[in-house]
Amino acid sequence: MPDAPTTAPTTAPTPAPTRHQVVILGAGMSGLCMAVQLKRAGQHDFVILEKSEGLGGTWWDNRYPGAHVDVPSPLYSFSFAPNPAWTRRFAAAPEIQAYMHSVAARFGVQPHIRLGQTVREARFDMDSGLWRITTAQGQVFESRFFVCSTGPLSVPRWPDIPGIDSYCGKKLHSAAWDGNVDLKGQRVALIGTGSTAAQLLAPLAQRSAAVTLFQRTANWVLPRIDRPYGALDRALVHLPPYTTAVRAFWYHALEFGRRGFDDGTLARRTLQRTADAHLKRQVPDEALRQRLRPTYALGCKRIIYANDYYPALLQPHVTLVTADIQRIVADGVVTADGRHHPTDALVCATGFDVQHSLSGVNIIGRTQQTLTEAWADGPEARLGLTVAGFPNLFLMLGPNTATGHTSTLLFIEPGVRWALQAMQHVQQSGASFIDVKPAVMRAFNDALQARLQGSVWSQCRSWYRADSGRNIAIWPGFTGEYVRAVAAQDWGEFDFG
Ligand code: NAP
């Protein structure tokens, strides 16, 4: 028996808050961009609170084998920091992390990062106009501005399959990858067929004895027009006109691709023909092709760009299962056709809880309403940046700022620019806070949802949509439209206090 304590337990005193102008939640791409732009604007009084033990955000969490970006790397770098080190057009996760480290070092962001700090609560105080932010580690911060740069894809979603807790083998989620688990020679069940599973399949097949891929819904797959970058590419990157031209090329090529999400366009027919031809070329067996051919419109779910997905499926030790999963048992997966699929490891590439991406933090606004309560029907904001009732709170990659066609960085940069302007406006006008008017936010979202209704993104189940069916993730327009909407500033749409 342990010895009884000899002294009465004491309650640890709450530490005095550390005060900053800005607290940023999350050291991913958008948190990093915010930090760099604050420094470039001469604002050095900020911290970044990051729950993980390293910089990277999604690129820290999603360190599964084969992880790489699915837009061309020149567009997956900030406009103010081209990367001369990309080794190929579609960079792998470690390269992206290296890029993020180099940007953080170049702009002096690293001293501002507090790793291993999980924000539990953020409460806005109307009297002082400050946010009070508490971490699970017992730290307290106060700040004028609170930037949530966690994005929509930060909370891994485990599948709600009966019996999953009874599984006795190794259990992994792609978005919380444990690199210490050795899958060599194992029989692996891979659940999911989204962008992540498509990247994971070939590397998993390479290292394990057998892979069974459980497909609930087939996905459209386009070829990835990848190529290595050679010495010439890397030398040319140092010439600003070259970098600008390459960025402009990819920007416009992908914007042309955006037309492919609208019915009756040339781009749509081109994308559809390309996807059909890719499937036909890579999967000679007609019966298998039928099982891999989606029955919903291309673009409704995120399109997959992969050259090794179908070939990986054709390997003799890889099996595609399209029967529904009925339950998970101690040693495998049982499907609705009564078959038992024995496995040593379960890999869930089942995506993210987008609807509740911020519910781990108790964010309390000016009327004591929590963000979770405000978002009971699903997240919404104005231009993904501000939520009525939550003054001085700025969301990065907030609701309806994702696209199916281009780089998220193109949405991060204007958002960061606007948040900086808003901060400066508050500071210069002598106000203590800015808060979007509820009617403005309502009108914005009504128009957005009306536009999304009947669009390609409303025609199937995907992470873009909440349980209610409302689209909580997609920006339905072209990138330029978003940039212009954010730049067209009308302070009359906000309350100041
Ligand atoms: P996802 O697109 O949400 O796909 C989840 C997959 O899991 C789907 O195939 C889904 O089937 C399946 N699933 C979920 N619950 C299931 C269940 N209970 N039983 C069986 N299957 C189940 O997630 P993701 O693949 O992780 O990708 C999410 C997003 O992350 C992407 O769309 C992309 O934006 C981003 N991403 C980006 C990159 C990159 O290159 N930068 C790489 C990976 C991911 P249903 O389709 O039937 O729902």
Side-chain angles (χ1 to χ4, degrees), residues 28-29 56-59 61-73 75-76 88-93 95-97 151-164 172-177 189-201 203 212-222 224 226 292 294-296 299-306 309 320-328 333-336 341 346-355 357 397 401-409 411 457 459-467 472-475:
M29 276 290 187
T58 197
W59 297 105
D61 297 335
N62 290 260
R63 286 177 296 169
Y64 57 83
H68 58 260
V69 67
D70 63 0
V71 294
S73 313
L75 276 193
Y76 208 75
R88 52 189 320 114
R89 185 178 283 157
F90 291 88
E95 272 193 57
I96 298 165
Q97 273 198 299
L153 307 176
S154 53
V155 179
R157 189 182 55 194
W158 290 89
D160 52 351
I161 300 172
I164 189 162
L172 288 152
H173 195 289
S174 52
W177 193 257
L190 174 58
I191 302 179
T193 49
S195 309
T196 301
Q199 294 186 351
L200 249 171
L201 183 65
T212 308
L213 176 68
F214 292 89
Q215 170 185 283
R216 186 164 70 177
T217 315
N219 267 269
W220 289 109
V221 182
L222 286 172
R224 195 168 73 229
D226 201 4
L292 290 169
T295 50
Y296 59 84
C300 179
K301 289 176 192 281
R302 173 89 174 190
I303 299 169
I304 290 167
Y305 297 87
Y309 176 58
L320 174 71
V321 172
T322 50
D324 286 344
I325 299 176
Q326 193 190 61
R327 64 184 192 282
I328 291 172
V333 178
V334 177
T335 40
H341 307 266
L346 190 65
V347 174
C348 296
T350 44
F352 301 85
D353 188 349
V354 177
Q355 191 167 343
S357 62
L397 292 181
T401 57
T403 70
H405 73 280
T406 192
S407 170
T408 51
L409 271 61
F411 284 69
W457 301 285
Q459 297 172 21
C460 69
R461 172 182 55 208
S462 75
W463 66 261
Y464 301 149
R465 301 174 78 193
D467 298 339
I472 55 173
I474 281 285
W475 172 255

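Whatever order the structure lists them in is the order used to number ligands and atoms, beginning at 1.
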Please determine if [X] has a nitrogen or oxygen closer than 3.5 Å to a nitrogen or oxygen of ligand 1.
{"X": "Asn219", "result": "no"}
{"X": "Thr350", "result": "no"}
{"X": "Trp59", "result": "no"}
{"X": "Lys301", "result": "yes"}

Which of the atoms of ligand 1 are close to [X], meaning less than 4.0 Å from one of its heavy atoms?
{"X": "Thr193", "value": "6 (C), 8 (C), 9 (O)"}
{"X": "Leu153", "value": "29 (C), 30 (O), 35 (C)"}
{"X": "Tyr64", "value": "42 (C), 43 (C)"}
{"X": "Ile191", "value": "20 (C), 21 (N)"}
{"X": "Ala349", "value": "5 (C), 6 (C), 7 (O)"}
{"X": "Gly192", "value": "6 (C), 7 (O), 9 (O), 12 (C)"}

When you measure from the side chain of [X] to the backbone of [Y], do you find a donor-acceptor pair of N or O atoms at a distance under 3.5 Å?
{"X": "Arg63", "Y": "Ser174", "value": "no"}
{"X": "Arg327", "Y": "Val334", "value": "no"}
{"X": "Ser73", "Y": "Ala91", "value": "yes"}

Who are the salt bridge (charged side-chain N to carboxylate O under 4.0 Å, His left out) partners of Asp353, not counting sequence neighbours?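 So Asp353 forms no salt bridge (charged side-chain N to carboxylate O under 4.0 Å, His left out) with any residue.
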Does at least one non-hydrogen atom of Phe214 fall below 4.0 angstrom from an atom of ligand 1? no
Could you establish whether Trp158 and ligand 1 come within less than 4.0 Å of each other, counting only heavy atoms on the residue side? no
Measuring from atom 18 (N) of ligand 1, which candidate in Leu200, Ile304, Asp160 has the nearest non-hydrogen atom? Asp160
Given Gln199, Arg216, Gln215, identify the one with the heavy atom nearest to atom 42 (C) of ligand 1. Gln199
Scan the side chains in residues 194-201 for donor-acceptor partners under 3.5 Å anywhere in the protein, sequence neighbours excluded, and list what turns up.
unit_1, atom_1, unit_2, atom_2, d
Gln199, OE1, Tyr64, OH, 2.7
Gln199, OE1, His68, N, 3.2
Gln199, NE2, His68, O, 2.9
Gln199, NE2, His68, NE2, 3.3

Val221 vs Leu292 side-chain heavy atoms within contact, under 4.5 Å: no
